[in-house]
There are 2 protein chains.
Amino acid sequence: MLSDVMEDYLKAIYVIESESGPPVATSEIAERVDKTAPTVTSMLETLEDRGMVTREKYKGTELTAEGRTVAIEVIRHHRLLETYLAEHLDYSWDEVHEEADALEHHISEEFERRVAEVLDEPQADPHGDPIPSAELEPPTGGPTVPLSACESGDRIVVARVSDRRDEDLAYLADAGITPGTTISVRDVAPFGMVTVGVGDDEQSLPESVAASIHVTPADHADEANADEVHAGEADSDEVHADEANADEADPDATGAGA
Amino acid sequence: MLSDVMEDYLKAIYVIESESGPPVATSEIAERVDKTAPTVTSMLETLEDRGMVTREKYKGTELTAEGRTVAIEVIRHHRLLETYLAEHLDYSWDEVHEEADALEHHISEEFERRVAEVLDEPQADPHGDPIPSAELEPPTGGPTVPLSACESGDRIVVARVSDRRDEDLAYLADAGITPGTTISVRDVAPFGMVTVGVGDDEQSLPESVAASIHVTPADHADEANADEVHAGEADSDEVHADEANADEADPDATGAGA
DNA sequence: CTTTTGAATTAGACACATCTAATTCTGTTC
DNA sequence: GAACAGAATTAGATGTGTCTAATTCAAAAG
């Protein structure tokens, strides 16, 4: 059996791989799990022994198929829990993350099944992140772009919001911006804040807040509900995102922000 | 912060104190938590340093007020979870224990509050054990006696069923005997099996199964529902239990079988 | 090709929870 | 009251996950 801690490392590696592709740097993992680099090195050795990762010394680390499956299962637990807490225990979308982090390692397969069943196999959690299926294939969120890659005049719908920073979530909850919210982009300052229209209001979002929002275009007559933003639609192709912020690029579309 | 493991020790000590009163023997704790005696000794030293227990070397251990409060909180978590799983996630009463054991250390205060709220501050879990209040005072189950202390002809209602042994729970679930079930005692073999009537059936319960059942008399016109067996009633006095099985006595009535 | 620099690893230590084996204590039996 | 039996503790070791300090490496810059 893998410990909770090992699962946390695997989850972190999975997320980083999803965002920037393998191989994953030790320092990146260290930052995510909030441990020192030597600690991470030694854990990576353990995980390698357990067949969860492969690595090249001084180069980087990559998940094995097995390690990836474990990571996806943890993420499924996390997102099912977030969704359950929001829908059945009256948690708001900016409160669920911490609780889910604490519980995700301790629920049984049976619990997972039953939660998924009462939720009717949900496709996305309250942050808009896609929930991996019970078969644990890598979830593919629909194509989305960072809000910062939009340009003035765009009408877009919020697809997902990073669950990493509590302050930003609270800010957005307060601003009435949640997955599914349709907004108009008024102004995008390079590397800076983004001014948007939400309903009748106009809001200026600080950079860190803007960076946590990913969006899809609001056009294709698809004003459907937020839970379906990530559903099918493998057809819809890339949203225009001129190369101004190419360094901030987004090779994921796998929605791994656990 | 106390570790999960420490909480498990405190819970075990609390249960033993409830069953046999302090001081608690190291070997008893060792058996409950399934560790060796030296391991327990060293943990008890730690818990003493933390102010959770007091002890006299070679004699025994006792919870401090603080240790007791921690234990009661863990037990509250456990029983709220058991109840929630049974009522909202379709678990049967003999499945809930293991899941609750895994989760009880990891839920937040907030989670505890919300679960208690949606359950409407339940008084007893699916096994019939009383759920400590949010104020964490020691729960007092109403007076109950072991089934083995009854005699032929008694009509009684099952108050609670030990959650310690899965096999016995499954047996009882199969036999249709759950908290709230009214049964007639046909025959009590000294130190042996108990024959009872349940509805129209007659059943012979093996000793271990009979030992896990605690009952109250079915008389006082109180055919109320099982959840209220433990409610108020500090008035009703001791049930007749002649001293045949006095060694198997039951000084608890605090319902500590977490 | 050498140097530099920042990242990664190795070295060595520590806290925690656990074990087995050896010792010490307590309460009981003769 | 001496001896014994059983329980508890002490002694010493192990595995895991973590740290800081020292070293080694690789990739970039000269």
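Quick caveat, the model's predicted, so the values are computed rather than measured. Reminder, nothing fancy here: chain letters follow the sequence lines and each chain counts from 1.
In this structure, a donor-acceptor pair under 3.5 Å is absent between the side chains of A/Ser212 and A/Arg164.
D/dT9 atom P lies 17 Å from atom NZ of B/Lys35, rounded to whole Å. Atoms CE (A/Met43) and C1' (C/dT9) sit 16 Å apart, rounded to a whole Å. For B/Glu48 and D/dA8, the CD to C1' distance is 14 Å, given to the nearest whole Å. If you measure from atom CG of B/Asp8 to atom C1' of C/dT18, you get 14 Å, rounded to the nearest angstrom. As a whole-Å value, the separation of A/Asp4 CG from D/dT18 P is 11 Å. Spacing between atom CD1 of A/Ile29 and atom P of C/dT9 amounts to 9 Å, rounded to whole angstrom units. The separation between B/Leu47 atom CG and C/dC16 atom P is 12 Å, rounded to whole Å. The nearest whole Å value for the distance from the CD atom in A/Glu31 to the C1' atom in C/dG6 is 16 Å.
Of the two residues contacting DNA chain D, namely A/Ala37 and A/Tyr58, the nearest-nucleotide position lying further toward the 5' end is that of A/Ala37. Between A/Pro38 and B/Ala25, it is B/Ala25 whose nearest contact on DNA chain D lies nearer the 5' terminus. Where B/Arg50 and B/Val40 each meet DNA chain C at their nearest nucleotide, the meeting point lying more 5' is that of B/Arg50.
Distances shorter than 4.0 Å separate some side-chain N or O of B/Tyr9 from OP1 or OP2 on C/dT18. For the OP1/OP2 pair of C/dA8 and a distance below 4.0 Å, the side-chain nitrogens and oxygens of A/Thr41 include no atom meeting the criterion. Between A/Lys57 and C/dT10 there is a side-chain N or O to OP1 or OP2 distance below 4.0 Å. Listed pair A/Ser27 / C/dA8 meets the phosphate criterion, a side-chain N or O lying under 4.0 Å from OP1 or OP2. One finds a side-chain N or O of B/Thr26 lying less than 4.0 angstrom from the OP1 or OP2 phosphate oxygen of D/dT9. For the pair A/Arg55 and C/dA8, the criterion of a side-chain N or O lying under 4.0 Å from OP1 or OP2 is not met. OP1 or OP2 of D/dG17 has at least one side-chain nitrogen or oxygen of A/Ser3 nearer than 4.0 Å.
The main-chain N or O of B/Arg79 is found under 3.5 Å from a side-chain atom of B/Thr83 such that the two form a donor-acceptor pair.
When heavy atoms are screened at a 4.0 angstrom cut-off, A/Glu45 is found touching the sugar-phosphate backbone but no base atom. Across all strands shown, B/Thr39 has heavy atoms under 4.0 Å from base atoms, whether or not it also approaches the sugar-phosphate.
To the nearest 0.5 Å, atoms CG (B/Leu119) and CG (B/Asp125) are separated by 11.0 Å.
In this structure, the ring of A/His97 has its center less than 6.0 angstrom from the ring center of A/His78.
The salt bridge (charged side-chain N to carboxylate O under 4.0 Å, His left out) test with B/Arg76 is passed by exactly one of B/Glu82, B/Glu104, B/Glu112: B/Glu112.
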